[in-house]
Amino acid sequence: HGSQWLQKYESVKKIVENGGIVAFCGKRGAGKTRMAYELAKNCKLPDPQIKRLNHAEDRPCIYRTAMEFFMEMRSTYSPKAECTEMELFEWFTDAALLVIDEMQERGETAFEDRKITAIVDARYRNGRPTILIGNYNHEEFDKSLSDSVISRMNETGGFTTFDWKSYRE
């Protein structure tokens, strides 16, 4: 199934380089996170406009698990927060590539739905590629996201299914 992975990689690479939004779905160990890593490393991506907290990065691709993403968003509400919610939002929005992994681990709360929709919408408007990864099948992933996210994803990239046996087995 290595040739299937490579074919999907080439297809998704074009989507990412064109600023698309794509969801990787399938079982654990099928190479979803690895593909996101390879795309972040090898794609021609847009230059960032915003530098977070004075930390300049050469290739600001952001990878977070869903849990980390939402914990980071919530941390901005602390009086001791290093940045505001808006600064963090702009950083996620402006990243050359945003990857949110382990989407099946999120709570699918109204708060989370609004944050994902807002980030994906802003990235869509700015032509910034986004990859959402989950150990879902296509239908489960589809149900876990807002209609707005699904609509934008279907227009610019869609779902990529990793439907072969785990590489880890």
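One-based numbering along the sequence shown. Owing to the predicted nature of the structure, the values given are computational and were not obtained by experimental measurement.
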Notebook entry, point to check: Does the pair E139 and K143 meet the rule for a salt bridge (Lys or Arg N to Asp or Glu O under 4.0 Å), with working shown?
Noted result: CA-CA 6 Å; E139 294 76 27; K143 289 178 187 174; over 6 Å; no
Minimum heavy-atom separation for [X] to [Y], with atom names?
| X | Y | value |
| --- | --- | --- |
| C83 | L88 | SG-CB, 4.1 Å |
| R106 | D113 | NH2-OD1, 2.8 Å |
| A36 | I133 | CB-CD1, 3.8 Å |
| V22 | T160 | CG2-OG1, 3.5 Å |
| A81 | S75 | CB-O, 3.5 Å |

Calculate, to the nearest 0.5 Å, the distance between atoms [atom1] and [atom2] belonging to [X] and [Y] respectively.
| X | Y | atom1 | atom2 | answer |
| --- | --- | --- | --- | --- |
| R114 | S148 | CZ | OG | 13.5 Å |
| E17 | N42 | CD | CG | 9.0 Å |
| T156 | I21 | OG1 | CD1 | 4.0 Å |
| M103 | T65 | CE | OG1 | 11.0 Å |
| M86 | T84 | CE | OG1 | 8.0 Å |
| N18 | K13 | CG | NZ | 11.5 Å |

Within the structure provided, determine whether [X] and [Y] are in side-chain contact (heavy-atom separation under 4.5 Å).
| X | Y | value |
| --- | --- | --- |
| F89 | T76 | no |
| L132 | L145 | yes |
| I116 | I100 | yes |
| L45 | P129 | yes |
| F69 | D101 | no |
| T109 | F70 | no |
| E87 | W91 | no |

- request: Apply side chain to side chain contact (heavy atoms under 4.5 Å, CB included) to N135 and list each qualifying residue two or more places apart in sequence or on a separate chain.
  value: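 With sequence neighbours excluded, N135 shows a side chain to side chain contact (heavy atoms under 4.5 Å, CB included) to R28, K32, E102, Q104, given in chain and number order.
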[X] with [Y], same ILVMFWY side-chain cluster at under 4.5 Å:
| X | Y | value |
| --- | --- | --- |
| M71 | Y77 | no |
| M35 | Y167 | yes |
| V16 | L6 | yes |

Fill in: Other residues, nucleotides, ligands: >12 heavy atoms within 6.0 Å of F111 CZ
yes
Self-check item: Other residues, nucleotides, ligands: >12 heavy atoms within 6.0 Å of K8 NZ
Solution: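 Buried by this count: over 12 neighbours within 6.0 Å.
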Can you tell me if R128 uses its side chain to pair, donor with acceptor, with the backbone of A96 under 3.5 Å?
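Looks like no, no N/O pair under 3.5 Å.
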**Study point:** Exam field: side chain D94 to backbone E90, donor-acceptor pair closer than 3.5 Å
**Key:**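 No, because the side chain of D94 does not come within donor-acceptor range (under 3.5 Å) of the backbone of E90.
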Could you list the residues that satisfy ring-ring contact (aromatic ring centres under 6.0 Å, His included) with Y136, not counting sequence neighbours?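 Only F141 meet the ring-ring contact (aromatic ring centres under 6.0 Å, His included) criterion with Y136.
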Residues forming a ring-ring contact (aromatic ring centres under 6.0 Å, His included) with Y9, sequence neighbours excluded:
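So Y9 forms a ring-ring contact (aromatic ring centres under 6.0 Å, His included) with W5.
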Residues at least two apart in sequence or cross-chain that pass salt bridge (charged side-chain N to carboxylate O under 4.0 Å, His left out) with E155, listed by chain then number, are none
Salt bridge (charged side-chain N to carboxylate O under 4.0 Å, His left out) filter on D121, not counting sequence neighbours, yields R125, R152
- Taking the six-membered ring for Trp, are the ring centroids of F162 and W164 within less than 6.0 Å of each other? yes
Q) Is a salt bridge present between K115 and E85, judged by a nitrogen-to-oxygen distance below 4.0 Å? A) yes
Q. Salt bridge between K14 and E10, side-chain N to carboxylate O under 4.0 Å?
A.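 Salt bridge: no.
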* Test side chain to side chain contact (heavy atoms under 4.5 Å, CB included) applied to F159 and I150, step by step -> CA-CA 9 Å; F159 289 88; I150 297 298; 3.8 Å; yes
Check your understanding: Excluding sequence neighbours, so at least two apart, what forms side chain to side chain donor-acceptor pair (under 3.5 Å) with T117?
Key ->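 T117: side chain to side chain donor-acceptor pair (under 3.5 Å) contacts with S146.
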